[in-house]
Number of protein chains: 2
Amino acid sequence: MSELTRNQSLVLDALQSDFQPASAYTLLDRLRDHGFKAPLQVYRALEKLVESGLVHRLESLNAFVACQHDGCGRHRAAAFLICEHCKSVTEFDHARVQRAIGASAKDAGFTVRRSVIEVEGCCAACEGRDTG
Amino acid sequence: MSELTRNQSLVLDALQSDFQPASAYTLLDRLRDHGFKAPLQVYRALEKLVESGLVHRLESLNAFVACQHDGCGRHRAAAFLICEHCKSVTEFDHARVQRAIGASAKDAGFTVRRSVIEVEGCCAACEGRDTG
DNA sequence: GAGGGAATGTAATAAAATAACATCTGATTT
DNA sequence: AAATCAGATGTTATTTTATTACATTCCCTC
Ligand SMILES: [Zn+2]
Ligand SMILES: [Zn+2]
Ligand SMILES: [Zn+2]
Ligand SMILES: [Zn+2]
């Protein structure tokens, strides 16, 4: 991605200030101080950011999260561990998972463009706290 | 699942008549002839059907599809190949994928409850037709 | 400084999901 | 049979998420 525009930077900063997932409307509220007034301002920025790999969309939450490591922009794939208790989201290494998906897809003659991998459960920290 | 209620049967039939994914509102429209009038009638039926494994929710499409094989009700996991051209959805064998996810999750000390695996791309039939 | 493309602003609307509350149904108990 | 209770339904209103449509501005190039 060439250079971020003002709105794109604002949205990215909002997401990076706190690596929790945020909905478009949550971001809108956070950015009202900066002059944001309408959903489209957020959605348009997110579209570019997701396209560039700086932000990922979590399909199962209708939410967005800043990429936690460089590289997604290049290899265009990500996988997430989503804790149902503390709502934390961790990007994890998906090489193995991608290989497994690739093998299954190949069996079906299917060409993969993008994989959505979102694992819901309980993170290590929360597992320690309660038994949940 | 014990026994399906009338509304649940209607929704399941609508989904099975055509194994294409359908949104809740599409189902509502299809079922107006049968007396459906409000979204909740569909959502409530879907909730039970998904719970029982007879229907799966596609997070990346905000849509629902009938399970294509027995067994999901038991092992509570499913993975999908979604063709972007013909919109067809195929449930695929996820044993390998689940193992890969399990391994990655274990590394992170994460306990898996449910996995969302939705692979977008091009199916064999469409690949044959156009070059897309 | 005129043209053109990308980014932005703004209002309106569509699509997806849930909340709240009333009613009905059928089984179970007394 | 009457009382009770849980689950399923019906209905209206509302919330949350996402897009359409159109006017305007900004920046680069010619
Ligand atoms: Zn990433
Ligand atoms: Zn946690
Ligand atoms: Zn299934
Ligand atoms: Zn296809």
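Side chains are part of it too, since the values below use all heavy atoms of this structure and drop only hydrogens, waters and symmetry mates. In what follows, every chain begins at residue 1, and chains take the letters A, B, ... in the order their sequences are listed.
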- Which atom names give the shortest non-hydrogen contact between A/Arg57 and A/Asn62, and what distance separates them? NH2-OD1, 3.1 Å
- Query: If every non-hydrogen atom of A/Gln20 is compared with every non-hydrogen atom of A/Cys86, which pair is closest and at what distance?
  - Reply: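 Shortest heavy-atom contact: NE2-O, 3.6 Å.
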Pick out the pairs of N or O atoms, protein on one side and nucleotides 8-10 of chain C on the other, that lie under 3.5 Å.
unit_1	atom_1	unit_2	atom_2	d
C/dT8	OP1	A/Thr5	OG1	3.0
C/dG9	OP2	A/Asn7	ND2	3.1
C/dG9	OP2	A/Gln41	NE2	2.4
C/dG9	N7	A/Arg44	NH2	2.5
C/dG9	O6	A/Arg44	NH1	3.3
C/dG9	O6	A/Arg44	NH2	3.2

- Task: List the steps and the verdict of side-chain contact (heavy atoms from CB on, under 4.5 Å) for B/Ser60 and B/Ile82.
- Result: CA-CA 10 Å; B/Ser60 61; B/Ile82 302 172; 3.8 Å; yes
- To the nearest 0.5 Å, atom CZ of B/Phe64 lies from atom CG of B/Leu12 at 13.5 Å
- Query: What is the distance from atom OG of A/Ser9 to atom CG of A/Leu54, rounded to the nearest 0.5 Å?
  - Reply: 10.0 Å
Taking C-beta and beyond as the side chain, do [X] and [Y] meet within less than 4.5 Å on heavy atoms?
X       : Y        : value
A/Ser17 : A/Arg30  : yes
B/Leu46 : B/Leu15  : yes
B/Thr90 : A/Phe110 : no

Just distance, no hydrogens or angles: give the donor-acceptor pairs under 3.5 Å from side chains in residues 95-107 of chain A, sequence neighbours left out.
unit_1	atom_1	unit_2	atom_2	d
A/Arg96	NH2	B/Ser104	OG	3.2
A/Arg96	NH2	B/Asp107	OD2	2.9
A/Ser104	OG	A/Ala100	O	3.4
A/Ser104	OG	B/Asp93	O	3.2
A/Ser104	OG	B/Arg96	NH2	3.3
A/Asp107	OD2	B/Arg96	NH2	3.0

- Message: Could you go through A/Phe92 and A/Ile117, starting from their C-alpha distance and side-chain angles, then the distance that decides it, and tell me whether this counts as side-chain contact (heavy atoms from CB on, under 4.5 Å)?
- Response: CA-CA 10 Å; A/Phe92 71 94; A/Ile117 303 166; 4.2 Å; yes
- Could you please spell out the steps behind the side-chain contact (heavy atoms from CB on, under 4.5 Å) verdict for A/Leu58 and A/Phe80? CA-CA 8 Å; A/Leu58 298 169; A/Phe80 305 91; 3.6 Å; yes
- Is there a side-chain contact (heavy atoms from CB on, under 4.5 Å) between A/Glu84 and B/Arg113 once you walk through the steps? CA-CA 9 Å; A/Glu84 296 169 318; B/Arg113 188 185 58 77; 2.4 Å; yes
- Query: Going 5' to 3' on DNA chain D, which nucleotide is the first and which the last to come under 4.0 Å of a heavy atom in chain A?
  - Reply: D/dT17 to D/dA21
- Identify, between B/Tyr43 and A/Tyr25, the residue whose nearest nucleotide on DNA chain C lies closer to the 5' end.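 The residue whose closest nucleotide sits nearer the 5' end is A/Tyr25.
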- Item | Nucleic acid contacts - residues 9-17 of chain A versus DNA chain C, non-hydrogen atoms under 4.0 Å | none
- Run through the side-chain heavy atoms of Ile, Leu, Val, Met, Phe, Trp and Tyr, join any pair under 4.5 Å, and report what else lands in A/Val116's cluster. B/Val116
- Enumerate the residues from residues 57-65 of chain A whose closest heavy atom to DNA chain D is under 4.0 Å, giving them by residue number; use none for an empty result.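 Those residues whose heavy atoms fall under 4.0 Å from DNA chain D, taken from residues 57-65 of chain A in numerical order, are A/Arg57, A/Asn62.
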- Query: Between A/Lys48 and C/dA7, is there a side-chain N or O to OP1/OP2 distance below 4.0 Å?
  - Reply: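 Result: yes.
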- Quickly work out the A/Glu3 CD to C/dA7 C1' distance and round it to whole Å. 14 Å
